[in-house]
Number of protein chains: 2
Amino acid sequence: MSDEQRKLPLYLQIKNKMVNNIKEGAWKPGEAIPSENRLIEQYNVSRTTIRQSIRELVQDGVLETRRGTPTRVRQTPKEEEGNPGVVHHELGEELSVQVLRSDQCADRYYAKGELMLDDIDEVFFFERVRMADARPIAYQQLFLPKPVGEKVKDDAAKMFDIFPALGMHDVHYKNIKETVSASNATQYEADILGLIPGEALVDIERTTLGIDGIPIEYSRTKYITSAFNYRIEIGR
Amino acid sequence: MSDEQRKLPLYLQIKNKMVNNIKEGAWKPGEAIPSENRLIEQYNVSRTTIRQSIRELVQDGVLETRRGTPTRVRQTPKEEEGNPGVVHHELGEELSVQVLRSDQCADRYYAKGELMLDDIDEVFFFERVRMADARPIAYQQLFLPKPVGEKVKDDAAKMFDIFPALGMHDVHYKNIKETVSASNATQYEADILGLIPGEALVDIERTTLGIDGIPIEYSRTKYITSAFNYRIEIGR
DNA sequence: CTGATTAACTTGTTGTAACATGTAAACAAG
DNA sequence: CTTGTTTACATGTTACAACAAGTTAATCAG
């Protein structure tokens, strides 16, 4: 156990252990975690402590509790009922992806900042073109922290969406934040997407946080407007 | 005490009392509330209960605690954070609006279709420029059905956002649907917004439904990217 | 008067204990 | 086979107690 962990409050140490259980796949989304009484035996702490750990993870959206039933690992944070905003993000039919370039490097300082990494850390970088029905619809720059990248580097070349691949490797997310803007296609982007330079693109910057709050993905994607459909619905 | 309150858990009853203390001005924002020990005496409950009430109010953003110092009522009633699917849409400071044109007509067939109106119905049309800090940030075309338009036609010239005006006339909405895309500024739009033609704009098409499901507003707004901030958050 | 120390607060952490209440599977009765 | 009951087990609520640790203001030494 590391030094920082030793002086952390017990309930935070246990909270971290629980998060690790999920990250390592011992506790899987949708499944029940051990009951409070078992956890009391397992970690040899009081119920107060266990409950405080669980309470925070519920608050973080990682676990869900219901009186009378075992506490469960949340399936996905998205399928909620009664949320004020629903985001649809559908495109074409036959979806695929093509990797233009991929490397592992220690520069890319801006992306590393977004991923909350140190200067010395390495990142996986993928330059991808997302295709729908064999036509390019988006140019994407995808950055992954080293531990995540090593797990999914093979999938990133095949999967249109990397989230299923992440889930299969027990890398689960808690939160996705997207910033939407617009930009003009550069010569480079226009060539890739088959457009005229200057054409308006929907420009989406996305940061995904893992269940421990640490970023697991940063990406910048530029979509062709005609192949894009971003609908936000607010209300009941 | 009301019947519903009697069967509520103690900590929720006390939480409600605390909220009332704030609403009635007994506890003022920025000021300290009584210490836990005082509250224990005052309400004659255990510290567990008091702390659970306080914890929830902290989570709700109503109170703020700091070890060693008295718990305080939050100065700025913290915005709802962590709500899944929340859309933030903030821009500059000094917001205003300028109306370029307004009329009441029976054409504009596309907009009338979106508003689910018949061909013979009339619509109010406003061409507006939204300004932030005296600089134009968006060009907006706003369409209102005749009954709605008559109520707010004066406000549409002054209000940056027409929803408060609608609410004042008891026109409430149930649902907002926005489609986000990007487009290149036309010569006309570029002139208005002070840009070069072709510049990428964030293009938002919005339909608002009233509480009876009938559309009350259709608009198309094109924002300057630099003055725009559209953040979507999914998850907790 | 200044500056370090202390005393008297505050909230934070953790344990123990008892009872309340919701859930679902096992079981019994029709 | 369906329905109602029991029962074991889950989380929720509440109380009491002790100590940890941060903050602030009074106190005291210089």
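Just so we're clear, the structure is a prediction, and the values are computed from it rather than from any experiment.
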If an axis is fit to five pairs at each end of the helix from C:dC1-D:dG30 to C:dG30-D:dC1, what is the angle between the two, to the nearest 10°? 0°
Hey, are the side chains of [X] and [Y] touching, using non-hydrogen atoms and a 4.5 Å cut-off?
X        : Y        : answer
B:Arg130 : B:Tyr223 : yes
A:Ile33  : A:Arg38  : no
A:Phe228 : A:Ile137 : no
A:Phe125 : A:Arg101 : yes

In whole Å, what is the span from the [atom1] atom of [X] to the [atom2] atom of [N]?
X       : N      : atom1 : atom2 : value
A:Glu36 : D:dT13 : CD    : P     : 11 Å
B:Ile40 : D:dT14 : CD1   : P     : 14 Å
B:Arg51 : D:dA17 : CZ    : C1'   : 14 Å
B:Glu56 : D:dG12 : CD    : P     : 12 Å
A:Arg67 : D:dT14 : CZ    : C1'   : 12 Å
A:Leu12 : D:dA21 : CG    : C1'   : 15 Å
B:Asn37 : D:dA17 : CG    : P     : 13 Å
A:Ile54 : D:dG12 : CD1   : C1'   : 12 Å

Using distance alone, with no hydrogens and no angle criterion, decide if B:Glu178 and A:Tyr230 have a side-chain donor and acceptor under 3.5 Å apart. no
Modelled atom types, side-chain donor and acceptor of A:Arg55 and A:Tyr11, under 3.5 Å: no
Map B:Arg66 and A:Tyr11 onto DNA chain C by nearest heavy atom, then report which one ends up closer to the 5' terminus.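 In this pair, the answer is B:Arg66.
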Return the 5'-most residue of the pair B:Arg47, A:Arg38 with respect to DNA chain D, ranking by each residue's nearest nucleotide.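 Comparing both residues, the 5'-ward one is A:Arg38.
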Check this one for me: any side-chain N or O of A:Thr71 less than 4.0 Å away from OP1 or OP2 of D:dT11? yes
Under 4.0 Å from OP1 or OP2 of D:dT14: is there any side-chain N or O of B:Gln52 that close?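 No.
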Under 4.0 Å, counting only non-hydrogen atoms across every strand here, what does A:Thr69 touch: a base, just sugar-phosphate, or nothing? sugar-phosphate
Start with the C-alpha distance between A:Arg220 and A:Asp203, add both sets of side-chain angles, then the distance that settles salt bridge (charged side-chain N to carboxylate O under 4.0 Å, His left out), and finish with yes or no. CA-CA 7 Å; A:Arg220 178 130 183 220; A:Asp203 191 338; 2.7 Å; yes
In Å and rounded to the nearest 0.5 Å, what is the CG to NZ distance from A:Leu117 to A:Lys112? 7.0 Å
Between A:Asn175, A:Val73, A:Ile216, A:Val62, which is the residue that forms a side-chain contact (heavy atoms from CB on, under 4.5 Å) with A:Ile211?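 Testing each of A:Asn175, A:Val73, A:Ile216, A:Val62 against A:Ile211, the sole residue satisfying side-chain contact (heavy atoms from CB on, under 4.5 Å) is A:Val62.
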Assess whether one donor atom and one acceptor atom, taken from the side chain of A:Ser35 and the base of D:dA10, lie less than 3.5 Å apart. no
On DNA chain C, reading 5' to 3', which nucleotide is the first and which the last to sit with an atom under 4.0 Å from a heavy atom of chain A, could you check?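 Going 5' to 3' along DNA chain C, contacts run C:dT13 to C:dA24.
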